[in-house]
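Side-chain atoms are counted along with the backbone in the values below, which use heavy atoms only and exclude waters and symmetry mates. For this chain, numbers begin at 1 and follow the sequence in order. First listed ligand is number 1; within each ligand, the first listed atom is number 1. Because the structure is predicted, anything quoted here is derived from the model rather than measured.
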Amino acid sequence: MIKVCKFGGTSMADGITIGRVKRILEADPARRYIVVSAPGKRFSGDIKVTDLFYQAAQEVKEGGHVGPSYERIEARYISLVEELALGIDIHALLEETKAAIEADGSADFAASRGEYLSGRIMAALLDVPFIDAKDVIKFQGGLFDAERSYTLVREALRGKFRAVVAGFYGEDENGRVKTFSRGGSDITGAVVARGVGADEYENWTDVSGFLACDPHIVPSPVGIDKLSYKELRELSYMGANVLHAEAIYPVREAGIPIRILNTFRPQDKGTRIQPTERFRPSERTVTGIAGRKDFTVIFIEKAQMNEMSGFALRPLEILKRHNISFEHMPSGIDTLSFVIDSKQLGGGVLDEILAEIREAVHPEKLNVILDIALIAVVGHGMYQKVGTAGRLLSAIARAGVNVRMIDQGSSELNIIVGVDNENYERSIRAVYEEFFGREGA
Ligand code: ASP
């Protein structure tokens with residue numbers, strides 16, 4: 001049995017939390033390969049070390065040298081090593097790192113040092129080999145080179161019973177350090193799990209798994225015991241940010257289950273994420289609810305649109321020309337809508353697109369609905385039960401909210417409703433009450 005364990009920033013925040021990590025690792029000999037994040041926040045209002053490294057990179061850019069942020073970084077690592085009573089020369093390591101950041105000059109390199117240093121510390125604490133992620137995680141042409149990285153991970157860890165791998169970064173074809181997007185140590189963990197063919201990928205964080213909806217909207221929502229990869233993908237994409245959305249692919253392809261666990265409550269069951277094919281949905285109709293605000297809907301109406309071949313291509317080409325991606329494209333017999341993240345439409349882009357659509361398709365109606373929130377109601381259980389969509393819509397109607405859009409994807413997994421931004425929280429509460437309040441916790 002091989003488990004790969006990834007520990008997030010709050011687990012690596014200080015000597016006490018790292019002590020917890022060590023106990024968790026000692027409790028199960030299958031926990032063999034460890035991926036770590038940089039030290040995160042110790043308390044609310046604290047600054048993540050990664051953010052300090054980005055500031056340090058900025059200081060180098062402006063003045064050629066690191067400034068006050070690097071002193072804060074040093075203080076974090078020095079106190080951490082002292083708390084752990086570790087015998088490594090952290091002062092020398094920090095000096096070396098400072099010189100390397102100033103020499104390299106890139107933000108990616110500076111940011112990667114957070115994980116590099118916490119990896120070195122963790123490896124020293126456990127007395128196991130340290131694997132520098134630049135040797136095993138590779139990028140090519142700006143993109144993550146999955147196959148090559150899996151092979152390099154496998155080769156680097158072959159014959160090592162245990163090892164620590166730094167999360168978040170790798171190396172590109174020019175030998176420069178490159179990071180994943182923020183929160184990317186989750187991806188490194190998944191890549192290592194895939195590379196060694198792990199039986200399970202444990203992702204240790206500061207919550208006991210996924211909750212059925214955002215706890216800032218519904219106080220203490222129920223936890224989700226199990227999810228399929230597909231459900232996870234839908235929920236993460238729509239804002240349930242327990243796990244980096246891209247961390248799913250490497251393990252999903254290999255059918256490796258993920259378990260989300262809480263470093264601060266290791267006894268909790270957490271959430272187990274399993275391959276969709278082997279997944280047996282729970283009794284619940286809905287597995288989870290997620291959502292995001294600030295979308296724009298472009299609505300096009302033209303009689304007999306359905307009979308014109310290639311009609312949809314024209315607006316799609318316009319969006320492509322402006323480099324705009326859309327989230328959904330609900331359509332009717334004579335209507336077609338695009339739901340687009342509003343961030344992409346600033347600076348006059350929306351007006352340009354509308355003018356071009358008008359010109360290209362001469363619609364009878366071309367409407368724009370601004371400030372839309374999307375709510376995704378996700379669960380394999382939904383389609384086995386009659387009347388789910390009806391229940392969902394009546395719950396929102398009972399809350400006095402007008403549904404502006406519905407998209408029931410054919411994936412048989414989710415229903416997306418669009419409501420005005422201002423009705424977002426109210427709608428989520430209503431949907432939660434309908435599916436979780438009534439069905440019991
Ligand atoms: N330290 C990086 C960040 O703050 C990556 C991670 O923690 O996963 O985004």
Problem set entry | Nitrogen or oxygen of G9 less than 3.5 angstrom from that of ligand 1 |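 In fact, backbone or side chain, G9 has no N or O that close.
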Exercise. Can you find an N or O of T50 that's nearer than 3.5 Å to an N or O of ligand 1?
Worked result: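 Among all N and O atoms of T50, at least one is under 3.5 Å from an N or O of ligand 1.
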Problem set entry | Result of checking L86, V164, I88 against L125 for side-chain contact (heavy atoms from CB on, under 4.5 Å) |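 With L125 as partner, side-chain contact (heavy atoms from CB on, under 4.5 Å) holds for just one option, L86.
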Exercise. Among R404, K293, H328, whose side-chain contact (heavy atoms from CB on, under 4.5 Å) with L374 holds?
Worked result: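 Only one option passes, and that is H328.
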For this session: Enumerate the atoms of ligand 1 whose separation from the nearest heavy atom of S37 is less than 4.0 angstrom.
Result: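 This gives 6 (C), 7 (O), 8 (O) as the contact atoms.
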For this session: Find all atoms of ligand 1 within a distance of less than 4.0 Å from any non-hydrogen atom belonging to S185, and give their numbers and elements.
Result: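 Heavy-atom distances to S185 below 4.0 Å select 5 (C), 6 (C), 7 (O), 8 (O).
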Exercise. Counting distance only, does the side-chain N/O of D172 pair as donor-acceptor with the main-chain N or O of K178 below 3.5 Å?
Worked result: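 Checking the backbone N and O of K178 against the side chain of D172, no donor-acceptor pair under 3.5 Å is found.
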For this session: Could you tell me whether a side-chain N or O of E59 sits under 3.5 Å from a main-chain N or O of V66, the two making a donor and an acceptor?
Result: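 Checked: no pair found.
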For this session: With heavy atoms only and a cut-off of under 4.0 Å, state how E115 meets ligand 1: side chain, backbone, both or neither.
Result: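 Within the 4.0 Å criterion, E115 contacts ligand 1 through side-chain atoms alone.
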Problem set entry | G183 touching ligand 1 at heavy-atom level, < 4.0 angstrom |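 Judged by the 4.0 Å heavy-atom criterion, G183 does count as contacting ligand 1.
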For this session: Determine, considering heavy atoms only, which of K6, K41, M12, R182 sits nearest to atom 3 (C) of ligand 1.
Result: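 The option holding the nearest heavy atom is R182.
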Problem set entry | Sole residue of D51, D46, D14 in salt bridge (charged side-chain N to carboxylate O under 4.0 Å, His left out) with R76 |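 Going through D51, D46, D14 one by one, the salt bridge (charged side-chain N to carboxylate O under 4.0 Å, His left out) with R76 is satisfied by D46 alone.
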Exercise. Is the Y77 ring parallel, tilted or perpendicular to the F53 ring (thresholds 30°, 60°)?
Worked result: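 Y77 vs F53 ring planes: tilted.
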